[in-house]
Structure formats: C-alpha cells, structure tokens
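Just so you know, residue 1 is the first one in the sequence shown, and it goes up from there.
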Amino acid sequence: MDYAWYWLDDSKEWIEYGKEHPDHCIASVTSEFLENEYQADKEAVIVFSAGSQQYKINFAAKTRLYLLLPILHNGTSLHYLTLGSRQKEKMKKVNKSESVDERLLFHGTNPSHVSAICEQNFDWRLCGTHGTMYGKGSYFARDADYSHEYCSARSGRYTMFVAQVLVGDFVQGNSEYCRPPARASNSNRLYDSCVDDPTDPSIFVIFEKQQIYPAYILEYSIEAHCVVL
C-alpha cells in the first residue's frame with residue numbers, strides 16, 4: 001500500500017510535499033521522506049524549509065493523507081478504464097472535438113459505500129444523495145473542503161474519493177434533470193454534465209457511470225496546520 005503526504009495551500013489546492021509547483025517554493029522534504037519518518041516515530045516533530053520560510057510538522061497532530069493505488073481489483077480497474085476510453089472516444093465524435101474535458105474531482109461519502117463504489121463504480125441510486133439541486137446524478141466537486149461536508153467519520157477518520165471524470169460539455173444544472181438537457185443547436189444531442197456555475201464550475205453532476213473512474217481513496221483526520229517558525 002502506498003502513502004503520500006500533501007499540504008493545502010490558500011487556494012484550496014492539495015500539493016504533494018517535495019513536488020515542484022509554479023506558485024510555491026518546493027519543500028525541502030518529500031512525501032516519501034515524511035512517510036518513512038512517520039513509520040519510524042509517529043510522535044516525531046519534523047522541521048523543514050520551503051524557500052526562505054521554515055515549517056514544523058507534528059506527527060501527533062498532523063493530518064495524514066493516504067493515497068491508495070489501485071483501489072480496484074480482479075480486472076475491474078481494466079474494465080472501467082476500457083469503458084472510459086470508449087466513452088471518451090464517443091464524446092469526441094459526438095461533440096466533433098479532438099479532446100474531452102477531463103478532470104480530477106472529489107466525492108465525499110460514507111465509509112459504508114466505499115466497497116460498493118470500488119466494485120460497481122458510482123451510482124447515485126446505490127450511494128444515496130445529499131440533495132439534487134443541480135440534477136439527479138452523482139455529484140463531484142473541484143474543492144475537497146466542499147466534499148468533506150458529505151463525508152462521515154469512522155473511528156476519527158474520513159473517506160473521500162478522487163475520481164477521473166469526463167465532464168465534457170457542461171450546462172447549468174436544475175433539480176428536475178434526470179439527464180443533461182438537449183443543446184439549443186441540436187435537440188438530439190445532450191450536454192455531457194451539469195454544473196453549479198457554467199462560467200466557473202465547482203460542482204459537477206454526472207449521469208452516466210461510464211464517464212467516471214474512481215482513481216484514488218483519501219483517508220484523513222481533521223488537520224492541525226503546520227507551524228511557521
């Protein structure tokens with residue numbers, strides 16, 4: 001099982017320790033180093049730098065994020081990837097485009113639903129729903145803090161999926177939608193997904209499971225922030 005350590009910046013983007021980022025100085029410690037130190041001493045305090053700043057991580061208080069890869073087994077992963085590839089090619093053809101808008105999005109859930117999602121993919125009829133403001137489908141979010149609101153803790157830990165989602169061409173959602181609406185230019189062609197705000201979408205509603213690949217599971221506890229020295 002692989003583990004990875006991330007930090008959350010002011011724009012709510014998760015960045016892996018030790019990885020280059022265009023907007024931030026690279027940390028002097030890597031995710032692998034932190035995991036090794038954690039395994040050696042779960043009460044340790046690690047001091048590191050990023051640019052001119054120094055930081056301190058207290059393992060006893062710090063959130064530890066688990067990056068589980070793969071989460072699908074017994075050929076299921078290959079099956080989903082094959083379906084997803086076919087769906088992508090279909091969307092390219094229908095939309096007459098060389099590419100399809102594909103995003104990594106978050107989905108908060110109850111731990112009791114994890115096994116079913118891993119085996120059968122996302123299905124709002126199976127997983128239940130926390131409202132249908134933008135349509136009766138599976139909901140995914142750009143921001144992890146939004147998805148966290150729909151997570152339930154078990155023994156102090158929360159579970160969240162990170163999924164590869166073919167959002168394609170999207171449109172403003174509506175609570176009455178059971179599928180995306182037809183395009184104004186062609187009533188026989190539907191949009192691919194619905195969103196909260198077409199100009200700056202942060203919530204996506206997907207109605208076809210072939211557009212979704214559950215890629216990662218994040219398990220975490222409530223975070224105590226690093227201390228700036």
Side-chain angles (χ1 to χ4, degrees), residues 1-71 99-109 139-151 153 156-168 170 193 195-204 206 212-229:
M1 183 178 297
D2 297 323
Y3 300 91
W5 287 74
Y6 292 77
W7 62 277
L8 185 64
D9 72 2
D10 292 337
S11 63
K12 304 299 183 182
E13 179 181 358
W14 287 102
I15 301 169
E16 185 175 346
Y17 283 100
K19 295 290 186 181
E20 293 186 359
H21 191 281
D23 299 327
H24 300 286
C25 296
I26 189 170
S28 61
V29 294
T30 65
S31 175
E32 182 180 5
F33 171 83
L34 290 173
E35 179 60 25
N36 289 337
E37 293 298 303
Y38 179 85
Q39 292 295 343
D41 183 1
K42 293 179 174 59
E43 303 295 323
V45 175
I46 304 297
V47 177
F48 67 96
S49 62
S52 61
Q53 298 290 332
Q54 281 196 314
Y55 301 89
K56 179 170 65 175
I57 297 178
N58 184 345
F59 285 147
K62 181 70 177 173
T63 297
R64 184 166 178 254
L65 297 180
Y66 304 98
L67 177 59
L68 311 187
L69 222 194
I71 62 172
S99 61
V100 176
D101 191 347
E102 182 175 3
R103 308 192 186 198
L104 278 176
L105 301 172
F106 297 98
H107 178 91
T109 190
Y139 279 63
F140 297 88
R142 177 192 64 196
D143 305 318
D145 56 348
Y146 177 87
S147 292
H148 171 72
E149 298 301 317
Y150 298 95
C151 292
R157 294 194 179 278
Y158 297 85
T159 301
M160 186 183 299
F161 279 93
V162 181
Q164 294 174 227
V165 184
L166 296 170
V167 301
F170 44 77
S193 61
V195 298
D196 60 329
D197 179 359
T199 61
D200 184 25
S202 63
I203 301 172
F204 297 81
I206 307 299
I212 311 164
Y213 173 60
Y216 309 102
I217 295 174
L218 294 179
E219 292 184 359
Y220 61 98
S221 56
I222 298 300
E223 181 176 0
H225 295 287
C226 292
V227 176
V228 181
L229 300 179

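Side-chain polar atoms of W5 and E35 form a donor-acceptor pair below 3.5 angstrom. No hydrogens or angles considered: a donor-acceptor pair under 3.5 Å links the side chains of S202 and D196.
At least one side-chain heavy atom of L218 sits under 4.5 Å from a side-chain heavy atom of V162. When side chains are defined from C-beta on, F161 counts as touching I217, because their heavy atoms get closer than 4.5 Å. Side-chain contact check for Y55 versus I46: every heavy-atom pair is 4.5 Å or farther apart. Side-chain contact check for V165 versus R103: every heavy-atom pair is 4.5 Å or farther apart. Using a 4.5 Å heavy-atom threshold, the side chains of Y17 and F48 count as touching.
We find the CG-CD1 distance between L166 and I206 to be 8.0 Å, quoted to the nearest 0.5 Å. Rounded to the nearest 0.5 angstrom, F204 CZ and D101 CG are separated by 7.0 Å. Here the CG atom belonging to N36 is positioned 7.5 Å from the OG1 atom belonging to T30, to the nearest 0.5 angstrom. Here the OG-OH distance, from S147 to Y139, works out to 12.5 Å after rounding to the nearest 0.5 Å. The CG atom of D197 sits 9.0 Å away from the CZ atom of F170 when rounded to the nearest 0.5 Å. Distance check, rounded to the nearest 0.5 Å: CD of E37 to CD1 of I57 gives 11.0 Å.
The main-chain N or O of D145 is never found under 3.5 Å from a side-chain atom of D143 such that the two would form a donor-acceptor pair. Counting only distance, with no hydrogens or angles, the side chain of S28 and the backbone of S49 share a donor-acceptor pair below 3.5 Å. The backbone N or O of M160 lies less than 3.5 Å from no partner atom in the side chain of H107, so there is not a single donor-acceptor pair.
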Run the numbers on I212 and Q164 for side chain to side chain contact (heavy atoms under 4.5 Å, CB included), then give the verdict.
-> CA-CA 6 Å; I212 311 164; Q164 294 174 227; over 6 Å; no
Test side chain to side chain contact (heavy atoms under 4.5 Å, CB included) applied to H21 and I26, step by step = CA-CA 7 Å; H21 191 281; I26 189 170; over 6 Å; no
Decide side chain to side chain contact (heavy atoms under 4.5 Å, CB included) for I203 and Y146; before the verdict, give the C-alpha distance in whole Å, the side-chain angles of both, and the deciding distance to 0.1 Å.
-> CA-CA 9 Å; I203 301 172; Y146 177 87; 3.5 Å; yes
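Other residues, nucleotides and ligands contribute at most 12 non-hydrogen atoms within 6.0 Å of the CD atom of E32.
Looking at every heavy atom in both residues, A50 comes nearest to A27 through CB-CA, 4.2 Å. Counting all heavy atoms, side chain and backbone alike, G108 lies closest to C151 at CA-SG, 3.5 Å. The two residues C25 and G51 come nearest to each other via the heavy atoms CB-N, 3.5 Å.
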